[in-house]
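Quick note: numbers below take in every heavy atom, side chains included, and nothing from hydrogens, waters or symmetry partners.
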Protein chains: 2
Amino acid sequence: MLKELQQKCSKAGLKMTGQRKVILQVLEEAEDHPSVEAVYDRAKEIDSSISIATVYRTLNLLDELDLVIRHEFQEGYSRYEVNWDHHHHLVDLETGEVVEFQNEELEKLKHKIAEELGYDLVDHRLELYGKKIKKK
Amino acid sequence: MLKELQQKCSKAGLKMTGQRKVILQVLEEAEDHPSVEAVYDRAKEIDSSISIATVYRTLNLLDELDLVIRHEFQEGYSRYEVNWDHHHHLVDLETGEVVEFQNEELEKLKHKIAEELGYDLVDHRLELYGKKIKKK
DNA sequence: GTAGCTGCAAACTCTTTGCAACTCT
DNA sequence: AGAGTTGCAAAGAGTTTGCAGCTAC
């Protein structure tokens with residue numbers, strides 16, 4: 001599915017500069033939820049002339065286009081991931097590892113709750129923070 | 001229930017200085033989820049000599065003691081509320097108003113999901129973002 | 001050709017911290 | 001008395017922005 005992000009960006013009217021291609025590639029290949037700094041470091045390995053300002057600007061654009069999701073896992077900075085499919089996160093408090101999950105029951109419940117409060121659900125955020133259960 | 005926070009702080013070994021009393025009072029009386037700046041402004045109305053550094057330090061202490069909950073509603077800064085009872089938030093995207101709610105079904109579901117992933121749930125975060133349903 | 005994009009460095013916002021003075025207990 | 005707390009100002013982290021030059025379309 002490489003290049004899919006590029007197509008969406010072009011369609012949105014963004015110019016496909018060399019820097020943007022690199023940043024999009026980094027995001028598409030990421031299997032984690034990289035910080036701006038991490039995206040910057042990985043992008044620099046491909047094109048060392050990229051500046052962090054461009055990374056910030058690009059990520060903000062992608063966020064506005066909803067091509068990317070910005071997370072703030074209570075760390076004081078943002079982390080990003082491509083907005084492929086809808087899921088939630090469980091953060092391992094001991095390792096920082098982020099586990100993704102989906103749950104249909106939860107989706108229904110969210111809408112039901114919002115509706116009961118008199119609202120149309122536009123967006124939401126659910127994060128679980130836990131510790132791995134130790135086997136004996 | 002005024003003064004309850006003060007008692008908990010004393011019990012935790014914190015000195016009850018004039019500044020802390022003022023900040024605790026502001027938090028107890030708040031019916032919203034004030035930012036640090038907002039707490040500072042309200043505190044200054046009671047004692048204009050309070051510095052924002054003290055507000056930051058006090059809120060961090062209260063957060064460590066779990067007497068207060070720190071929120072980061074994707075705004076780029078923190079907002080606080082006294083940790084009275086457990087609930088979640090629905091943020092009105094049009095007005096910024098924050099509606100609180102509780103839902104037993106949701107509590108159970110959270111634990112079930114974490115367990116299925118092999119985790120003990122330590123903490124979590126759920127926020128809904130919506131728009132008020134217009135009546136005709 | 002030109003609107004949009006970039007790198008650089010400076011600026012900005014939110015938050016933390018070193019220090020000397022002060023204050024609860 | 002003494003450990004903890006404070007205000008101030010400076011520093012720190014993360015992020016944004018003005019500008020002159022560059023580039024995709």
Next item on the list: Round to a whole Å and report the spacing from NZ of A:Lys44 to P of C:dC8.
Entry: 10 Å
Margin query: If the test is side-chain hydrogen bond (donor to acceptor under 3.5 Å, both in side chains), which one of A:His71, A:Glu100, A:Arg79 qualifies with A:His33?
Written below: A:Glu100
Check: What closest approach, in Å, do A:Tyr40 and A:Ile52 show between heavy atoms, and which atom pair accounts for it?
Finding: CE1-N, 3.4 Å
Notebook entry, point to check: Of the non-hydrogen atoms in A:Leu24 and A:Cys9, which two are nearest, and what is the gap between them?
Noted result: CD1-SG, 3.9 Å
Note to self: Under 4.0 Å, heavy atoms only, any strand: does A:Leu14 hit a base, just the sugar-phosphate, or nothing?
What the structure shows: sugar-phosphate
Margin query: I want to check one thing: is the phosphate of C:dT6, taken as OP1 and OP2, less than 4.0 Å away from some side-chain N or O of A:Thr17?
Written below: yes
Check: So do A:Asn103 and B:Lys112 actually touch side chain to side chain, heavy atoms under 4.5 Å?
Finding: no
Next item on the list: Would you indicate whether the side-chain heavy atoms of B:Leu126 and B:Phe101 approach each other to under 4.5 Å?
Entry: yes
Check: In terms of side-chain heavy atoms of A:Ser49, which of C:dG7, C:dT25, C:dT6 is nearest?
Finding: C:dG7
Next item on the list: Provide the start and end nucleotides, 5' to 3', of the part of DNA chain D that has atoms under 4.0 Å from heavy atoms of chain A.
Entry: D:dG14 to D:dC25
Check: Base, sugar-phosphate, or nothing for A:Tyr77, non-hydrogen atoms under 4.0 angstrom?
Finding: sugar-phosphate
Checklist line | Nucleotide C:dT6, atom P - distance to OH of A:Tyr40 in whole Å | finding: 14 Å
Check: Start at the 5' end of DNA chain C and walk down; is the nucleotide closest to A:Arg20 or to B:Tyr56 reached first?
Finding: A:Arg20
Check: So, is B:Asn60 close to the C:dT15 phosphate, meaning a side-chain N or O under 4.0 Å from OP1 or OP2?
Finding: no
Check: Relative to the 5' end of DNA chain C, which residue comes earlier, B:Ala53 or B:Gln19, by the nucleotide with the nearest heavy atom?
Finding: B:Ala53
Check: Any donor-acceptor pair under 3.5 Å between the side chain of A:Arg57 and the base of C:dG4?
Finding: no
Notebook entry, point to check: Separation of A:Lys21 atom NZ from C:dT6 atom P, in whole Å?
Noted result: 12 Å
Check: Do the charged groups of B:Glu4 and B:Lys8 touch, with an N to O distance under 4.0 Å?
Finding: yes
Note to self: From CD of B:Gln6 over to C1' of C:dC24, roughly how many Å is that when rounded to an integer?
What the structure shows: 13 Å
Item checked: Under-4.0 Å salt bridge between A:Lys110 and A:Glu107 -> yes
Next item on the list: Starting at atom CD of B:Glu72, determine the distance to atom P of C:dC14, rounded to an integer number of angstrom.
Entry: 13 Å
Next item on the list: Determine the contact category for B:Ile52: base if any of its heavy atoms lies under 4.0 Å from a base atom, sugar-phosphate if only primed atoms, P, OP1 or OP2 are that close, otherwise nothing.
Entry: nothing
